[in-house]
Every structure is written in C-alpha cells, then in structure tokens.
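What follows is a short report on a single structure.
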Amino acid sequence: MTSRLLEFIDLQYKYPGGREPVLSGLSLWIPEGKKCVLLGRNGCGKSTLFLHGNGIIEPQQGQVLWKGKPLVYKRAALQEMTQKVGLVFQDPEHQLIASTVAEDISYGLFNQKLPVDVIREKVERVLDAFGLRELAEAPIHHLSLGQKRRLALAGVMVMEPELLLLDEPTAYLDRYQTKNLLRELDAIHRQGTTVLMATHDMDIAFEWAEWICIMDKGRLVFAGDPQEALENRAMLESLHLGMPLLVDVWEALPEQWKRELGGNIPRSVDELRKMLSVQRVW
Amino acid sequence: MNGLQLDSLSYQNRLKCLPPAHKLLLASALLLLVLVGHVWMQMAVVVWMTVWVVVYAQIPVRIYFAFMIVSLSFFAAGLPALLVEGARAGEVQVQVAAAWELGSYVLYVPMSSFSKVWILFWRTMASLSCFAFILFTVPFAEILQVLRRLRMPVLVTDLLMIMYRFIFVLITISHQLWIAQRSRGGHRGFRATLRDAGVLVAQLFVRAMRKYEALHKGMAARGFGESMQVLSFHTHARSRRYEWESIAGCMLLVLLEWWTGGWR
C-alpha cells in the first residue's frame with residue numbers, strides 16, 4: 001500500500017460571516033509519490049482545503065496529518081510545514097512579494113535562514129531550471145501572467161518541498177503554456193515530489209493524473225484510480241463536471257472496436273493513437 | 001507620463017549598469033551643493049544633470065521635461081504666497097511692482113520678492129534635476145539594496161518594498177476598474193465622472209483590502225518570518241569615464257561657486 005503523505009480527517013470549516021460551511025466533514029488522503037488531481041467545481045472548497053494543507057488555516061473541526069502525525073500549530077513547526085508543503089496560489093500576484101524575479105525566488109530561502117552562498121547557488125539553479133535566467137533582474141510587474149505563474153512555481157520549488165499543491169494552475173493559460181506547465185510538473189514529479197493539482201478541467205485531469213479525488217460541496221465524493229472514475233459516468237454527470245472529450249470520442253466508436261482495443265478508455269490522444277496502431281481494428 | 005512609465009524607463013536606461021551606489025552618491029553630493037550654493041552653480045547643476053539624464057541615460061527629452069514641468073507646477077502653485085504681501089494702506093514703504101487696494105488694506109507685490117522667487121526657482125530646478133536623475137536611472141529595487149547596505153532599519157526597507165509592489169497592483173486594479181466603467185458607459189459628463197470616480201475609489205479600497213488579505217496568506221505560505229530578506233542579483237560594472245566626469249564635475253562646481261562669490 002502506498003503511504004499517506006498528507007491526510008485530512010473530517011475537516012469542517014466555515015468562513016467568518018459565511019452562511020454555509022466551505023468544508024463539511026471532508027476526509028481525504030494523498031498517496032506519496034503520485035501525480036494527483038483534485039477535481040471540483042468553482043467554490044467547492046478546493047482553495048480552502050489547500051490552505052489547511054500547510055497549516056495556514058487551522059481546522060475548526062477535524063485533523064490534518066502529515067505522514068501520520070498531526071500538524072502542530074506553533075510558529076516554528078508551521079514554518080517547517082511551509083517548506084515541506086509548497087503551495088502555489090491561483091493568482092500569482094498573491095504570492096510574489098519582492099521587486100525583481102531573482103529577489104523573489106530568494107525570499108522563501110531567507111525565511112529558512114540558510115547561508116547566503118547556499119541561497120545564491122539554489123536561486124541560480126532554479127533560474128536555469130525554469131527558464132527565468134533572462135528575466136532575473138526584471139521587475140515583477142513587467143512579467144506576463146504565464147511568466148508570473150512560472151515564477152510563483154519557481155519560488156516554491158526552490159524550497160524543495162515534498163508535496164506541491166497547485167490551485168488551478170492552468171486557469172487563463174493558453175494551450176501552449178498549459179502544455180509547458182504540465183511538462184514542468186512531470187519533471188518535478190520525476191524528481192520525487194508528490195504533486196496535487198486542483199482543477200475543473202476534465203481533459204487535463206484525466207490525461208495527467210495517476211490518482212483522482214473529486215470534491216463537491218465541501219465533501220469528498222470519490223478518490224481513486226482515474227479509470228475507475230471514468231467508468232462511473234453517472235457520478236461525474238450528476239456533479240456537472242462534464243466528461244473529458246476523449247471519453248465522448250471513445251463512446252462514439254463502434255462497440256466491436258472498443259472490445260478489440262481492450263475495453264479500457266484511453267487517457268490521452270497519444271494513448272488512443274498507440275492503441276489504434278497496435279490493434280488494427282478497421 | 002505616469003509612475004509606470006517612469007519605472008520601466010529606470011529599468012531600461014543606458015546607465016543601468018553603473019553601480020547604484022555611485023549614482024546615488026553623485027546625486028546626493030550635488031543635492032548638498034545645491035542646498036548650500038548659489039544661483040550660478042545651481043544653473044550649472046541643472047544643465048549638467050540634464051546632460052546625464054537626456055544624453056547619457058537616453059531618457060526621451062519629452063518625458064524628462066514633462067517630469068520637470070509637472071513637478072514645477074507645485075512651485076508655481078506656491079508663487080502667490082511668495083509674491084504677494086499685504087499691509088494697511090499708506091504703510092507700504094518698499095518699491096512696489098503692482099498693488100491692489102482692498103478697502104483700508106492694500107495687497108502688493110514688492111520688487112524684492114522677485115529676486116527671492118528667482119533664487120528659489122533655481123534652487124528648486126536644481127534639486128528637481130538631481131531627483132530626476134535618481135528616479136530615471138536607478139531602479140527602485142536597487143535603491144532598496146543600497147538602503148539595506150546602509151543599514152537602514154529593516155522595518156523601513158520592508159515597508160518600502162511592500163509599498164512598491166502595492167503601487168503597481170493598485171494602479172493595475174484602478175486601470176481595470178476605469179476600463180470597466182468606461183466600457184459600460186460611465187464617465188459621461190462632469191457629474192457622472194465625479195460619481196464614477198467616487199465608486200472607483202471605494203471599490204479600490206475594498207479590493208486593496210482583499211489583496212492585502214490574500215498577500216498575507218501568500219507570505220505565510222512562503223514561510224514569512226520576522227523580516228523580509230532577499231538576495232540581489234544585479235550585476236554592475238564601474239565606469240572610469242563616468243567616475244572621472246563626476247569627480248571633475250563636482251570639483252568644477254565647487255570652483256564655480258567660489259569664483260562667483262559664494263562662501264567668501
């Protein structure tokens with residue numbers, strides 16, 4: 001069994017002044033070393049859940065466990081959690097603080113009180129890894145949205161977190177930038193970081209994820225293998241999340257083809273192409 | 001010209017590669033000279049600084065003059081207070097350039113105040129040109145780095161850094177709001193413009209508060225400790241030519257001041 005990296009148990013949370021609770025008894029765990037996606041419609045509590053993930057919000061009820069141990073809501077322990085769990089906000093404007101790109105990347109490292117030489121070396125490495133070298137001295141308000149997103153991600157990854165939480169990282173990005181981002185996330189995952197991405201884009205979710213959680217109205221509806229979720233069409237439709245385009249295409253294929261191709265719904269166009277080239281169904 | 005433009009110019013000017021500390025040192029030395037010196041030397045400072053900004057840093061002339069004129073308008077607004085004096089009719093004993101009687105009082109412009117304004121004008125111009133040099137050639141992030149090296153209290157530099165980020169966030173939001181209002185038919189006529197501007201300011205406040213809360217969470221997520229420290233990556237190269245010119249120029253200015261009769 002895969003070990004549970006981060007676990008939420010029966011979380012309840014209501015914003016002061018809010019009428020409905022945002023999280024109402026949510027239990028969920030994230031398997032270590034997997035590419036995970038948290039699916040849910042806007043306003044279902046994904047962002048609030050993420051803020052619980054590194055201890056910024058203390059649960060009003062319920063518990064958060066990191067590797068089986070409950071989080072300690074003390075300053076020093078929380079500081080450590082922000083290093084282990086990297087959080088990338090939906091709006092990069094909210095987490096970019098310093099005035100230039102390189103300065104901003106170094107910000108989190110200084111909070112860790114590392115020696116300046118180490119910081120310099122780490123920042124240099126991340127600048128190259130994220131293709132930000134040429135922008136190193138550019139002021140943040142001169143960057144485009146895509147560049148700001150990349151910088152926000154770089155500023156979090158420089159801390160070498162064990163778990164990376166991304167809140168709607170593909171919102172407002174064009175297809176090309178989305179592809180690049182997913183490639184970057186794959187590279188991050190290969191280097192041993194568990195990634196959890198919140199999104200409502202079904203196509204991206206099923207193409208990329210190895211583990212899928214679905215949230216609705218502050219509760220967990222499903223957690224498990226993506227294939228399993230796809231087979232449960234009635235559930236996905238009742239949540240109004242829509243189906244991935246590829247599933248609709250798959251369903252339009254003749255029954256006999258599907259049987260011959262093995263019955264499993266392909267997860268990406270590449271996979272479908274491979275299936276078709278191996279098994280000549282026509 | 002607006003703040004945004006000034007900021008991007010400061011990142012693109014030709015003197016960007018010079019060490020910021022040198023530029024700040026030159027400007028502050030000149031500022032000091034201007035404050036203790038006299039008109040001829042101040043005129044020379046204006047000319048010299050203009051050469052630095054327009055020729056060496058390649059800041060467009062139009063923008064440089066726009067900056068000077070906008071700033072001088074504050075000087076102009078203060079002129080009436082400098083020029084006009086009042087007294088009881090019949091008690092005026094100085095040479096008068098113009099006078100208006102108001103009942104038993106008289107408002108008049110004494111000849112002597114012209115020379116006062118003349119002196120003040122050149123002092124203002126000279127200090128403005130020094131500030132223009134700093135604003136156009138040293139990016140704010142580098143000014144901050146110099147302040148940090150000068151052991152400015154952390155609280156001050158942190159606040160300046162956050163303010164600098166927020167200025168542009170607020171400019172962007174207010175611009176978005178303004179566009180939204182315009183595209184929905186707002187700002188037609190004087191009264192509507194006033195009302196819409198009021199709404200804009202109120203909305204700006206609300207959104208600024210929301211931004212502030214979000215930024216607070218963002219900082220917590222990045223492990224904010226007691227103070228904000230960042231690493232500077234700016235690469236600067238010293239330039240003999242400019243260093244030589246600054247030193248020689250300052251010496252010449254001191255000589256000029258001495259020769260035209262200051263400090264004797």
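- Within 6.0 Å of CZ in B:Arg14 there are 12 or fewer heavy atoms belonging to other residues, nucleotides or ligands.
- Between A:Glu93 and B:Lys211 there is no salt bridge, since no side-chain nitrogen of the basic residue lies less than 4.0 Å from a carboxylate oxygen of the acidic one.
- For A:Leu109, no part lies under 4.5 angstrom from a heavy atom of chain B.
- Considering OH of B:Tyr164 and CD1 of A:Ile140, their distance stands at 9.5 Å, rounded to 0.5 Å.
- Heavy-atom neighbours of B:Arg241 CZ from other residues, nucleotides or ligands within 6.0 Å: above the threshold of 12.
- Between chain B and the residues A:Gln95, A:Met81, A:Gln112, A:Lys113, the most heavy-atom pairs under 4.5 angstrom are made by A:Gln95.
- Crowding of A:Gln61 atom CD: a count of heavy atoms from other residues, nucleotides or ligands under 6.0 Å not exceeding 12.
- For A:Arg120, the parts sitting under 4.5 Å from any heavy atom of chain B are the backbone and the side chain alike.
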Check against side chain to side chain contact (heavy atoms under 4.5 Å, CB included), B:Tyr11 and A:Thr100: CA-CA 11 Å; B:Tyr11 277 95; A:Thr100 68; 4.1 Å; yes
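- Within the 3.5 Å criterion, the main-chain N or O of A:Tyr107 finds no donor-acceptor partner in the side chain of B:Arg222.
- Listed in order of number, the residues of residues 144-155 of chain B that approach chain A to under 4.5 Å between heavy atoms are B:Leu144, B:Gln145.
- Residues A:Ile97 and B:Arg165 form no side-chain contact, since every pair of their non-hydrogen atoms from C-beta on lies 4.5 Å or further apart.
- For CZ of B:Phe205, the number of neighbouring non-hydrogen atoms (other residues, nucleotides, ligands) closer than 6.0 Å is 12 at most.
- Residue A:Asp91 touches chain B through its side chain alone, counting heavy-atom pairs closer than 4.5 Å.
- Heavy atoms of A:Ala136 lying under 4.5 Å from chain B are absent altogether.
- In plain terms, the two heavy atoms of B:Val230 and A:Ala98 that are nearest each other are CG1-CB, 3.7 Å.
- Atom OH of A:Tyr73 has more than 12 heavy atoms from other residues, nucleotides or ligands within 6.0 Å.
- Environment of NE2 in B:His216: sparse, with no more than 12 heavy atoms of neighbouring residues, nucleotides or ligands closer than 6.0 Å.
- Contacts of A:Ile56 with chain B are made by side-chain atoms alone, with heavy-atom separations under 4.5 Å and no backbone atom involved.
- The aromatic rings of A:His141 and B:Phe168 sit parallel to each other, their planes meeting at less than 30°, with 60° as the upper class boundary.
- Within a 6.0 Å radius of CZ in B:Phe131, other residues, nucleotides and ligands contribute 12 heavy atoms or fewer.
- With chain B as partner, the option from A:Val101, A:Ile57, A:Leu96, A:Ile105 having the largest number of non-hydrogen pairs under 4.5 angstrom is A:Leu96.
- Of the listed residues (A:His94, A:Gln83, A:Met159), the one with the most heavy-atom contacts under 4.5 Å to chain B is A:His94.
- Residue B:Ala221 comes nearest to A:Phe89 through the heavy atom pair CB-CE1, 3.7 Å, listed as atom of the first residue, atom of the second, then distance.
- Only the side chain of A:Gln79 comes within contact range of chain B, with heavy atoms under 4.5 Å apart.
- With a 6.0 Å radius and a threshold of 12 heavy atoms from other residues, nucleotides or ligands, B:Tyr212 has its OH atom at or below the threshold.
- Options A:Val156, A:Leu87, A:Asp104 differ in how many heavy-atom pairs under 4.5 Å they form with chain B, and the most are formed by A:Asp104.
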